[in-house]
Amino acid sequence: MPELPEVETTRRLIAPLLVGRRVRELRTTRDSYFFVTPTRELRRGIEGEEFAALERRGKYLVATLGSGSRLVIHLGMTGQLFSSRASSVRLLSATARASLAPEEQVVFEPDLHTHLHFIFEDAGPDVYMRDVRKFGKVLLLAPGQTHPRLARLGGDALGVTGEILFAATRKRKTSIKALLLDQSVLAGVGNIYADEALYQSAVRPARRAARITRKECVAIADGLRRVLLRSIETGGSSISDYVSPDGEDGGYQDERRVYGRAGEDCIECGDVIRRKLVAQRSTHYCPTCQS
DNA sequence: ATTCCAACCTGATAGC
DNA sequence: TGCTATCAGGTTGGAA
């Protein structure tokens, strides 16, 4: 779920819990696909270091350490980065939820999905990263070192313009939806916001990119920026796993027009929202409003 | 060069 | 109740 608005919300709320604090201990789960950098190296590079800055690049978080090394985190599909003070049922498995008494206070305890546990030298809250499906990624870059994952990224989706899209879509045989999801074209757009932006701009997701007019490219760029900014304002979308670092749900799931609304009525025209596969991804659109 | 597709991993849910 | 099949918001690498 974490797309640009969720990652940006996470960045804003977790930055005060990282920047200016020195790590005393980093606990991890066992090495796996999840860790691009082996855990021993991670611990060696991070313990004793102070976080100097936290930036976002597309859906990646990049934390700079005092040493000049950079800790790169991708939340994948189910990644959660949060404070030990966070309290949310989204941080628990369904079985754990079911055994909760009504109104019982949720106290988070690290479980087998909690892959990172930062403990700091001061007495403030710990920071956790949890990721059930392990599609997330963690890597540590030496000072000045780059990585193909970051090098490949296109411009940030918040800075998209009609001209950028128009240039990127020419001679592309693929669908406009697939193009929006391509992180080397635009960094930060995922399945939810691609569908929402295409709805806002009245363009069908399956349309061939090269056939989109300049005017439509402007509409799509405007739609993207509007949807992404509004979602950031509301704290992102909490549809299945996403919670803010404080344990709060986002608000944008209540403002969705198409994503996950197949079979329901279009807010604008009353026609039924459809769902079909485009670019091998579940895609939602209004057959009347979008053409 | 571009597009497609399986793979990575786990859990929730629907259907039998 | 239990089993199986299907589906999930992402990205990669290699095949087509």
Side-chain angles (χ1 to χ4, degrees), chain A residues 1-10 29-36 56-61 72-81 89-98 111-115 129-139 147-154 157 168-198 205-206 208-210 227-228 231 235-244 249-250 252-253 255-256 258-263 275-284:
Chain A
M1 74 176 47
E3 303 180 32
L4 188 153
E6 292 76 35
V7 178
E8 177 61 18
T9 303
T10 296
T29 49
R30 294 171 38 199
D31 274 314
S32 74
Y33 188 78
F34 176 84
F35 295 104
V36 177
R56 181 186 59 76
R57 298 229 12 225
K59 300 175 194 171
Y60 288 86
L61 287 171
V72 180
I73 294 178
H74 194 292
L75 297 174
M77 298 248 269
T78 54
Q80 301 165 317
L81 191 59
V89 293
R90 291 188 198 275
L91 298 172
L92 306 177
S93 70
T95 25
R97 280 182 218 186
D111 59 2
L112 77 164
H113 303 304
T114 308
H115 305 297
M129 182 181 176
R130 187 169 178 272
D131 184 359
V132 170
R133 286 177 75 183
K134 289 191 208 157
F135 282 1
K137 292 286 169 284
V138 176
L139 66 137
H147 191 276
R149 283 178 175 265
L150 294 180
R152 263 197 291 270
L153 292 179
T169 49
R170 293 314 89 185
K171 297 184 181 169
R172 290 294 298 266
K173 191 171 152 285
T174 193
S175 64
I176 182 63
K177 161 115 181 207
L179 189 120
L180 295 182
L181 292 177
D182 184 342
Q183 302 298 299
S184 69
V185 173
L186 274 188
V189 182
N191 211 26
I192 297 175
Y193 299 102
D195 283 3
E196 293 299 323
L198 287 170
R208 282 201 181 197
V227 163
L228 295 172
S231 183
S237 299
S238 290
I239 293 173
S240 113
D241 299 279
Y242 178 73
V243 276
S244 84
D249 277 5
Y252 198 75
Q253 64 280 1
E255 300 192 18
R256 281 173 298 155
V258 286
Y259 182 81
R261 294 193 67 244
R275 173 176 179 275
K276 73 175 212 174
L277 276 190
V278 176
Q280 294 83 239
R281 308 296 298 280
S282 167
T283 297
H284 315 73

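Only a predicted model underlies this, so the values are computations on that prediction, with no experimental measurement involved.
Heavy atoms only, all atoms of each residue included: A:Ser282 and A:Leu277 are closest at N-CD2, 3.7 Å. Across all their heavy atoms, A:Glu6 and A:Ser231 have their closest contact at OE2-OG, 4.1 Å. Smallest separation of non-hydrogen atoms from A:Leu4 and A:Lys59: N-CG, 4.3 Å.
Atom P of nucleotide B:dC9 and atom CZ of A:Phe35 are separated by 13 Å, given to the nearest angstrom. Atoms CD (A:Glu3) and C1' (C:dG10) sit 9 Å apart, rounded to a whole Å. Protein atom CD of A:Gln80 is 15 Å distant from nucleotide atom C1' of C:dG10, rounded to whole Å. The distance between atom CZ of A:Phe34 and atom P of B:dT10, rounded to the nearest whole Å, is 12 Å. If you take OH of A:Tyr259 and C1' of C:dG10, they are 12 Å apart, rounded to a whole angstrom. We find that CD1 of A:Ile192 is positioned 7 Å from P of C:dG10, with the value rounded to whole Å. Separating the CG atom of A:Asp131 from the C1' atom of C:dT11 is a distance of 13 Å, rounded to the nearest angstrom.
If you check the side chains of A:His284 and A:Asp195, you find a donor sitting under 3.5 Å from an acceptor. A side-chain donor-acceptor contact under 3.5 Å links A:Asp131 and A:Thr78. Using a 3.5 Å distance cut-off with no hydrogens or angles, the side chains of A:Thr174 and A:Arg208 do not pair a donor with an acceptor. In this structure, a donor-acceptor pair under 3.5 Å is present between the side chains of A:Lys177 and A:Thr283. Side-chain contact check for A:Tyr193 and A:Ser237: at least one donor-acceptor pair (N or O, by modelled atom type) lies under 3.5 Å.
Across C:dT6 and B:dA6, the matching P atoms stand 14 Å from one another, rounded to whole Å.
Aromatic ring pairs are classed by plane angle as parallel below 30°, tilted from 30° to 60° and perpendicular above 60°; the pair A:His115 and A:Phe34 is tilted.
Proximity of A:His74 to the phosphate of C:dT11: a side-chain N or O atom is located under 4.0 Å from OP1 or OP2. Applying the 4.0 Å criterion to OP1 and OP2 of C:dT11, one finds that A:Lys137 has every side-chain N and O outside that range.
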Restricting both atoms to N or O, compile the protein contacts to nucleotides 11-13 of chain B shorter than 3.5 Å, with distance only.
{"from": "B:dG11", "atom 1": "OP1", "to": "A:His113", "atom 2": "NE2", "distance (Å)": "2.9"}
{"from": "B:dA12", "atom 1": "OP1", "to": "A:Ala94", "atom 2": "N", "distance (Å)": "2.7"}

Between the protein and nucleotides 1-4 of chain B, which nitrogen or oxygen pairs come in under 3.5 angstrom?
{"from": "B:dT3", "atom 1": "OP1", "to": "A:Lys173", "atom 2": "N", "distance (Å)": "2.8"}
{"from": "B:dT3", "atom 1": "OP1", "to": "A:Thr174", "atom 2": "N", "distance (Å)": "2.8"}
{"from": "B:dT3", "atom 1": "OP2", "to": "A:Arg172", "atom 2": "NE", "distance (Å)": "2.9"}
{"from": "B:dT3", "atom 1": "OP2", "to": "A:Arg172", "atom 2": "NH2", "distance (Å)": "2.7"}

Any N/O pairs under 3.5 Å between the protein and nucleotides 4-7 of chain C? List them or say none.
{"from": "C:dC7", "atom 1": "O3'", "to": "A:Arg275", "atom 2": "NH2", "distance (Å)": "3.4"}

Can you tabulate the close N/O pairs, meaning under 3.5 Å, that link protein atoms to atoms of nucleotides 12-16 of chain C?
{"from": "C:dT12", "atom 1": "OP1", "to": "A:Arg152", "atom 2": "NH2", "distance (Å)": "3.2"}

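For the pair A:Leu75 and A:Met129, the minimum side-chain heavy-atom distance is below 4.5 Å.
Side-chain atoms of A:Arg281 do not come within 3.5 Å of backbone N or O of A:Val278 as any donor-acceptor pair. Looking only at distances, a side-chain donor or acceptor of A:Gln183 sits under 3.5 Å from a matching main-chain atom of A:Gly188. Within the 3.5 Å criterion, the main-chain N or O of A:Val227 finds no donor-acceptor partner in the side chain of A:Glu196.
Judged by centroid separation below 5.5 Å and plane tilt below 30°, A:Phe135 stacks onto the base of B:dC8.
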Under the criterion side chain to side chain contact (heavy atoms under 4.5 Å, CB included), I'd like the reasoning laid out for A:Asp241 against A:Gln80: C-alpha separation, chi angles, the key distance, then a yes or no. CA-CA 8 Å; A:Asp241 299 279; A:Gln80 301 165 317; 4.1 Å; yes
Dump the intermediate steps for side chain to side chain contact (heavy atoms under 4.5 Å, CB included) on A:Leu61 and A:Leu81, then the final yes or no. CA-CA 11 Å; A:Leu61 287 171; A:Leu81 191 59; 3.8 Å; yes
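Partners of A:Arg149 according to the salt bridge (Lys or Arg N to Asp or Glu O under 4.0 Å) rule, which considers only residues two or more places apart in sequence or in another chain, do not exist here.
Secondary-structure stems of DNA chain B, taken as three or more successive Watson-Crick or G-U wobble pairs (i with j, i+1 with j-1) under a 3.5 Å distance threshold, comprise B:2-8 with C:10-16, B:10-16 with C:2-8.
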